Amino acid sequence: MAADIERMRHSFAHVMAEAVQHLYGGVKFGIGPAIEDGFYYDFLFPKPVTDEDLRTIEKEMRRIMAQNQSFVREEVSREQAREIFRDQPFKLELIEGLEEGTISIYKQGDFVDLCRGPHVESTKELKADAFKLKTIAGAYWRGDEKRPMLTRIYAYAFASKADLEAYLHMLEEAERRDHRKLGKELDLFSTHEEAGPGLIYWHPKGGRVRVELEKWWREEHYKNGYEILFTPHIGKSWLWETSGHLGFYKENMYSPMKIDEDEYFIKPMNCPFHMMIYKTSSHSYRDLPLRWAELGTVYRYERSGVLHGLMRVRGFTQDDAHIICTPEQIEDEILEVLRFSLSMWKTLGFKEIKAYLATRPADSVGEPERWDQALVSLRKAIDKEGLPYEIDEGGGAFYGPKIDLKVKDAIGREWQMTTIQFDFNEPERFDMTYVDKDGKQKRPYMVHRALLGSIERFFGVFIEHYAGAFPAWLMPDQVAVIPVAPTFDEYAKEVTANLRGKGIRAKAMLSEERMNAKIRDAQNQKIPYMVILGQREQDERTVSLRLRTGGQENGIALDAFTARALEKIETKALDL
RNA sequence: GCCCCUGUAGCUCAGUUGGCAGAGCAUAUCCAUGGUAAGGAUAAGGUCAACGGUUCGAUUCCGUUCGGGGGCUCCA
């Protein structure tokens, strides 16, 4: 099936190229592969094309498909291929790059393409209503910004109309959940281009979520044997030279500022600061493991074109930690971190998690035995937890192997969040040691880890996962108290005060709006519990409860409701 | 950074071949005593991103700059 759809998509790409050839004389062809949700083809057009052209091209594609053109494979010699594509500089370049042997071309209609195949037999196998041209985008030839920029046309393509529609529906759903849109609607955060793109401003409501999250995060870290550090935001160049960042991470660091006669850099990572603390005293094996965590705010340069809401920013807070331990402890430590991470994702309501194990790249530092031991401990931990995983061969950083965890959200998208990385670089550079049982100075292992990744990015994923309707414990407003008429404002205030006294974030909606408008407002703000009260409730000291999920229960004793809400909040329940 | 699209009130958007700017929501004031997703009226709110050009006249056309969105990894 997977191969079939890929073949169809690739064939669609050829049909699009044929359509383009018919419509635009002198066009030069790049490449046109199948991709995850369709296909694209890169062209060099003689004149600029716009979105308008997409419809024209689509129409021509449908016309071609209606002719039931066959895809015909032929094998030609290198010389013949050069002759066939003599006017196609990109194809000629591709031919030069081909290994010895036969060169295949595919023909359909009056279009010929250099192509390995395979393709469908005929355009008959392609559904004219199962594709849709998406966008025009610029793309450098072979992804190299020094080469010419071609015009790439992206398209969605599926085996059937139903599949295409289901996919488009998912995209609509993604748009509905877009954290930038919800962030604005729910008044959670903002960004300000005039004050600097890629920098996040947390509003009071976003702040509430963050404070609750961090409070929990700190408690969990203390429970799991961590200590929490606070370190500076800037450090002298000595620090970054020692850590090596000025060597291998400079492109992501901001220009230094001068203080007195020294250059200081704003931190892109927290680790060198933690190293400094480690170095303030000598350490015995008895002190290890050390688990030092910090919600450390770092700044990294990202090119302007890649910034995206909360997901890709220039300043963010990592939920960072460094684990410093002996070789004997490393396996247990990795397992502990992995378990800790999984338990956090479970509490947050993310159920499907997949691991990616990245191994040693060609250029790397550190002794091979350490790499081997590290990899074994990573793999064992994954196995013990029974996580599905893939191996990313050679995908580790030069300073150590790592596990990345990707979590799947409510609409099936995977997000890379947790990362657990060995570091064989900094312990050397900072000459970290501990005194072992035998009285000798030894080099500890160090692991960097971030569980949520960054608070900003996590919040973005969290917003999209829940479409803004978070579990009650993380909701900025947990209860909306709505009197049916101003006559009952006093009782509403009393109920609100009562709830707030118990630590529940309740707000009385006392404006002159009608009750219906207040309910609508509370519902749009996704407040989990709406408490509605009038004469009957006041007389009986009860409330009428409406849930944001639509359920409704009348005549609940105030105490009973309070107990229920408290229970859901304190247990971090995912339901109401 | 580069390519395509885009920039009108706090927000979401209209604005028809260039003729002194519009709606809804939100805000303010007033009226409405109301039972589970918008009660009504009035008012206030904009150098139409900025700068330059064409024109009698530019939100509208052209250019530049500054933002925003989608791409720039998927190798015949």
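Every chain is numbered from 1, with letters handed out A, B, ... down the list of sequences. The structure displayed is predicted, hence computed values, not measured ones.
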When you measure from the side-chain N and O atoms of A/Arg546 to the phosphate of B/A37, is any distance below 4.0 Å, counting only OP1 and OP2? yes
Contact letters for nucleotides 71-76 of chain B, in which S counts primed atoms plus P, OP1 and OP2 and B counts the base, heavy atoms under 4.0 Å: BBSBBB
If I pick the C1' atom on B/C5 and the same atom on B/A9, what distance separates them, to the nearest angstrom? 24 Å
Can you list everything that forms a side chain to side chain donor-acceptor pair (under 3.5 Å) with A/Glu393? Sequence neighbours excluded, please. A/Thr359
With both distances under 3.5 angstrom, what nucleotide forms a Watson-Crick or G-U wobble pair with B/A32? none
Which part of the nucleic acid, if any, lies within reach of A/Arg548 when heavy atoms closer than 4.0 Å are counted: base, sugar-phosphate only, or nothing? nothing
Quick one: side chain to side chain donor-acceptor pair (under 3.5 Å) partners of A/Thr419, sequence neighbours excluded? A/Asp404, A/Gln421
Can you sort out the partners of A/Glu567 under salt bridge (Lys or Arg N to Asp or Glu O under 4.0 Å), two or more places apart, ordered by chain and number? none
Who pairs with B/C72 - Watson-Crick or G-U, where each distance is under 3.5 Å: B/G1
Can you sort out the partners of A/Arg541 under side chain to side chain donor-acceptor pair (under 3.5 Å), two or more places apart, ordered by chain and number? A/Glu494
Between A/Arg314 and A/Leu199 (side chain of the first, backbone of the second, donor and acceptor by atom type, cut-off under 3.5 Å), is there such a pair? no
Mind checking salt bridge (Lys or Arg N to Asp or Glu O under 4.0 Å) for A/Glu121 and listing every partner two or more places apart, or none if nothing turns up? none
Could you list the protein-to-nucleotides 10-13 of chain B atom pairs, N/O on both sides, closer than 3.5 Å?
| unit_1 | atom_1 | unit_2 | atom_2 | d |
| --- | --- | --- | --- | --- |
| B/U12 | OP1 | A/Lys184 | NZ | 3.1 |

Say we look at B/G1 and B/U17: how far apart would their P atoms be, to the nearest angstrom? 35 Å
Of all pairs that satisfy side chain to side chain donor-acceptor pair (under 3.5 Å), the ones with a partner from residues 478-492 of chain A, not counting sequence neighbours: A/Glu490-A/Lys493
Considering only the P atoms, how many Å lie between B/A37 and B/G71, rounded to the nearest integer? 38 Å
Residue set satisfying salt bridge (Lys or Arg N to Asp or Glu O under 4.0 Å) with A/Arg413, at least two apart, ordered chain then number -> A/Asp409, A/Glu464
Pairwise C1' distance, B/G63 and B/U55 [rounded to whole Å]: 16 Å
Suppose you measure atom P in B/A49 against the same atom in B/G7; what distance do you get, rounded to whole Å? 8 Å
Rounded interatomic separation in angstrom, taking CZ from A/Arg312 and P from B/G70: 13 Å
Rounded to whole Å, CD1 of A/Ile153 lies from P of B/C5 at a distance of 12 Å
Between B/C5 atom C1' and A/Leu133 atom CG, what is the distance in whole Å? 16 Å
I'd like a list of close polar pairs between nucleotides 25-35 of chain B and the protein, N/O only, cut-off under 3.5 Å.
| unit_1 | atom_1 | unit_2 | atom_2 | d |
| --- | --- | --- | --- | --- |
| B/A32 | N6 | A/Glu512 | OE1 | 3.1 |
| B/A32 | N1 | A/Glu512 | O | 3.1 |
| B/U33 | O2 | A/Thr487 | OG1 | 2.8 |
| B/G34 | O2' | A/Val484 | O | 3.1 |
| B/G34 | O6 | A/Pro486 | N | 3.4 |
| B/G35 | O6 | A/Gln535 | N | 3.0 |
| B/G35 | O6 | A/Arg536 | N | 3.3 |
| B/G35 | N1 | A/Glu537 | OE1 | 2.7 |
| B/G35 | N1 | A/Glu537 | OE2 | 3.4 |
| B/G35 | N2 | A/Glu537 | OE1 | 3.2 |
| B/G35 | N2 | A/Glu537 | OE2 | 2.3 |

Salt bridge (Lys or Arg N to Asp or Glu O under 4.0 Å) filter on A/Lys107, not counting sequence neighbours, yields A/Glu74
In Watson-Crick or G-U wobble terms, both distances under 3.5 Å, what is the partner of B/U27? B/A43
Check for a donor-acceptor pair, side chain of A/Glu513 on one end and backbone N or O of A/Lys518 on the other, with a separation under 3.5 Å. no
Residues, nucleotides or ligands: over 12 heavy atoms within 6.0 Å of A/Glu251 CD: yes
Sort out the partner of B/G7 for me: Watson-Crick or G-U wobble, both distances under 3.5 Å, none otherwise. B/C66
Toward the 5' end of RNA chain B, which comes first, A/Ile519 or A/Gly198, by nearest nucleotide? A/Ile519
Just checking A/Asn524: base, sugar-phosphate only, or nothing, at a heavy-atom cut-off of under 4.0 Å? base
With rounding to whole Å, what would you report as the distance between B/U16 and B/U65 at their C1' atoms? 30 Å
Pair partner, B/G19 [Watson-Crick or wobble, under 3.5 Å]: B/C56
Is a side-chain N or O of A/Arg86 found less than 3.5 angstrom from the main chain of A/Glu83, in a donor-acceptor match? yes
Give me the distance, rounded to whole Å, that separates B/U73 from B/U12 when you measure between the P atoms they each carry. 31 Å
Which value, in whole Å, describes the distance between the C1' atoms of nucleotides B/U60 and B/G45? 23 Å
Tell me every residue that passes side chain to side chain donor-acceptor pair (under 3.5 Å) with A/Gln21, counting only those two or more places apart in sequence or in another chain. none
